[in-house]
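The shown structure was predicted, so the numbers you read here are calculated from the model rather than taken from an experiment.
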Amino acid sequence: MSPTVILLTAVAFTTNAVTGAPTPAVGGSASVDSSVPVEVVLVLDASSSVRYGTDAADRDAQVRNVTTAAWAVLGALDEAPGIDARVAVLSYDKDVRILAPLSAVTPATMGPDGVFGQALGDPGGNLSARAASAGYAEHLRGGDGSNWETALAEAHHLLG
């Protein structure tokens, strides 16, 4: 089965086909005998169209909107019972940047020093000096062009 691409406002993610499935338990309720592997690539738009407005507050709001959506996807995958998720994060303007390689979604990788914390900044949407100079926020600061075709091709490549 080929990968599926789902677009969510300024966040896109691509998933590989999921193998394994919940099996019915006695009494009709579903249970999961083993975890289901899911691989996701979050593709974040860092072009100037996301960075509309001329003042810093507008630009900061756009970073918060995109990173909040990305954190919501990570949180849902982390909390989903029976899901063994690995996620990569990339952003694009005229260039494509891999902000986080395909990594397991765990408390450590979602922490401030984890791969997703470095790629996306504070999950609460606060833009500390560190978050604003790293990962997605840094790429968005100078974003120009919109090479989404290469970004989606790179997402498929990351999924192998």
Side-chain angles (χ1 to χ4, degrees), residues 1-25 27-47 50 59-93 96-141 143 148 151-160:
M1 177 178 271
S2 64
T4 302
V5 176
I6 301 169
L7 299 173
L8 304 170
T9 310
V11 179
F13 62 93
T14 304
T15 63
N16 268 345
V18 176
T19 58
T23 55
S29 63
S31 69
V32 177
D33 292 335
S34 62
S35 60
V36 176
V38 175
E39 292 181 331
V40 176
V41 178
L42 298 176
V43 182
L44 309 179
D45 186 350
S47 69
V50 174
R59 289 188 298 275
D60 289 351
Q62 295 314 305
V63 172
R64 276 192 297 278
N65 289 343
V66 173
T67 58
T68 298
W71 278 114
V73 171
L74 287 168
L77 290 170
D78 183 45
E79 294 173 6
I83 298 293
D84 180 20
R86 292 186 336 132
V87 175
V89 180
L90 62 86
S91 61
Y92 69 93
D93 56 7
V96 176
R97 294 185 189 179
I98 298 173
L99 302 176
L102 204 56
S103 304
V105 178
T106 67
T109 59
M110 291 175 62
D113 294 325
V115 66
F116 301 119
Q118 294 295 315
L120 299 170
D122 182 358
N126 298 320
L127 291 178
S128 67
R130 186 177 123 233
S133 65
Y136 176 69
E138 188 274 327
H139 193 187
L140 183 63
R141 183 182 359 263
W148 60 267
L152 292 178
E154 181 64 24
H156 285 274
H157 175 74
L158 288 170
L159 293 171

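- To the nearest 0.5 angstrom, Ile98 atom CD1 is 4.0 Å from Glu154 atom CD.
- Counting heavy atoms from C-beta on, the side chains of Ser91 and Asp45 never come closer than 4.5 Å.
- Residues Val43 and Ala151 share a closest heavy-atom pair of CG1-CB, 3.8 Å.
- Within the 4.5 Å cutoff, no side-chain heavy atoms of Leu158 are placed close to those of Leu102.
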Item to complete: Apply side chain to side chain contact (heavy atoms under 4.5 Å, CB included) to Tyr136 and Val66, showing your working.
Response: CA-CA 9 Å; Tyr136 176 69; Val66 173; 3.5 Å; yes

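- Contact check for Thr109 versus Val87: no side-chain heavy atoms found under the 4.5 Å cut-off.
- At least one side-chain heavy atom of Leu120 sits under 4.5 Å from a side-chain heavy atom of Leu44.
- Put simply, CG on Leu159 and CZ on Arg86 are 9.0 Å apart, with the number rounded to the nearest 0.5 Å.
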Worksheet entry | Derivation of the side chain to side chain contact (heavy atoms under 4.5 Å, CB included) call for Val36 and Asp84 | CA-CA 6 Å; Val36 176; Asp84 180 20; over 6 Å; no

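- Between the CG atom of Leu42 and the OG1 atom of Thr67 there is a distance of 11.5 Å, given to the nearest 0.5 Å.
- Interatomic distance, CG of Leu77 versus CE of Met110, reported as 9.0 Å (0.5 Å rounding).
- To the nearest 0.5 Å, atoms CZ (Phe116) and OG (Ser103) are separated by 5.0 Å.
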